[in-house]
Amino acid sequence: GAGVSQSPRYKVAKRGQDVALRCDPISGHVSLFWYQQALGQGPEFLTYFQNEAQLDKSGLPSDRFFAERPEGSVSTLKIQRTQQEDSAVYLCASSTISKAEGGQETQYFGPGTRLLVL
Amino acid sequence: AQRVTQPEKLLSVFKGAPVELKCNYSYSGSPELFWYVQYSRQRLQLLLRHISRESIKGFTADLNKGETSFHLKKPFAQEEDSAMYYCALSGFVYGNKLVFGAGTILRVKS
């Protein structure tokens, strides 16, 4: 079946511009994660949704970052007044619900959106 | 604080040589450890997890709680193993977010 998709794949923004990044998770996946990956670094957690509920937004770097998943499927990560330090690859991942036993369900990653802020 | 350390940015080996990608972690509790791999022009994907105790593509990793390590090993490297490898841990209350290391590039030379 189709994997996680993200759009756009590349985005160039002028400093101060607002951007919106979209994630389409695997159908039926309850959990959705956003990560930010700066050049030369591993992905860093931004926020987590279970269905439409945003249960953890502890990784969002500032109040310029906002994420939503209003119907429990597609999610949008919005960055307001972009800054040069926002330049990174933004990764979305989805999984089925985590179980108490047997460990975490596998997270499936999208291809990412590469954001460049000039 | 939860942290994953991969001390090598780049590991270059010859085909057929053994490979060991190092990973150390710090976590107060019982984390779950993973290795993710990203081949050229492909997306990040799970390679293996310690809880499964299985070998994938000839790779194995053993969780050593005493040394807080989860090194990835393969006895004989193949050219198609060339990729970026990330060690990650999870173990949080909500949704099991992943904490990643900075990654190690494995280059297998012919």
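A quick note: this is a predicted structure, and the numbers were derived from the prediction, not measured. Naming convention: chains lettered A, B, ... in sequence-line order (proteins, then strands); numbering from 1 in each chain.
Placement of V13(B) and V37(B) within a single hydrophobic cluster is found when ILVMFWY residues are connected by side-chain heavy-atom separations under 4.5 Å, directly or transitively.
For R64(A), the CZ atom sits in a packed shell: over 12 heavy atoms of surrounding residues, nucleotides or ligands are nearer than 6.0 Å. A 6.0 Å sphere centred on OH of Y39(B) holds more than 12 heavy atoms belonging to other residues, nucleotides or ligands. Environment of CD in E80(B): crowded, with over 12 heavy atoms of neighbouring residues, nucleotides or ligands closer than 6.0 Å. In the displayed structure, E85(A) atom CD is contacted under 6.0 Å by more than 12 heavy atoms of other residues, nucleotides or ligands.
For the set G110(A), G42(A), P43(A), the entry with the most heavy-atom pairs within less than 4.5 Å of chain B is P43(A). Interface summary for chain B: among P111(A), A38(A), G40(A), the most heavy-atom pairs under 4.5 angstrom belong to P111(A).
In this structure, the side-chain hydrogen bond (donor to acceptor under 3.5 Å, both in side chains) partners of E68(A), at least two apart in sequence or on a different chain, are K78(A). Not a single ring pair (Phe, Tyr, Trp, His ring centres under 6.0 Å) links Y25(B) to another residue, sequence neighbours left out.
For the pair V99(B) and E44(A), the minimum side-chain heavy-atom distance is 4.5 Å or more. Q37(A) has its side chain out of reach of F100(B): every pair of non-hydrogen atoms, C-beta onward, lies at least 4.5 Å apart. With a 4.5 Å cut-off on side-chain heavy atoms, L98(B) and Y35(A) count as touching.
Contacts of L46(B) with chain A are made by side-chain atoms alone, with heavy-atom separations under 4.5 Å and no backbone atom involved. Looking at S58(A), only its side chain comes within 4.5 Å of chain B, counting heavy atoms on both sides.
For the atom pair CZ (F33(A)) and NZ (K97(B)), the distance works out to 10.0 Å, reported to the nearest 0.5 Å.
Nearest heavy-atom pair across V4(A) and R43(B) is O-NH1, 2.6 Å.
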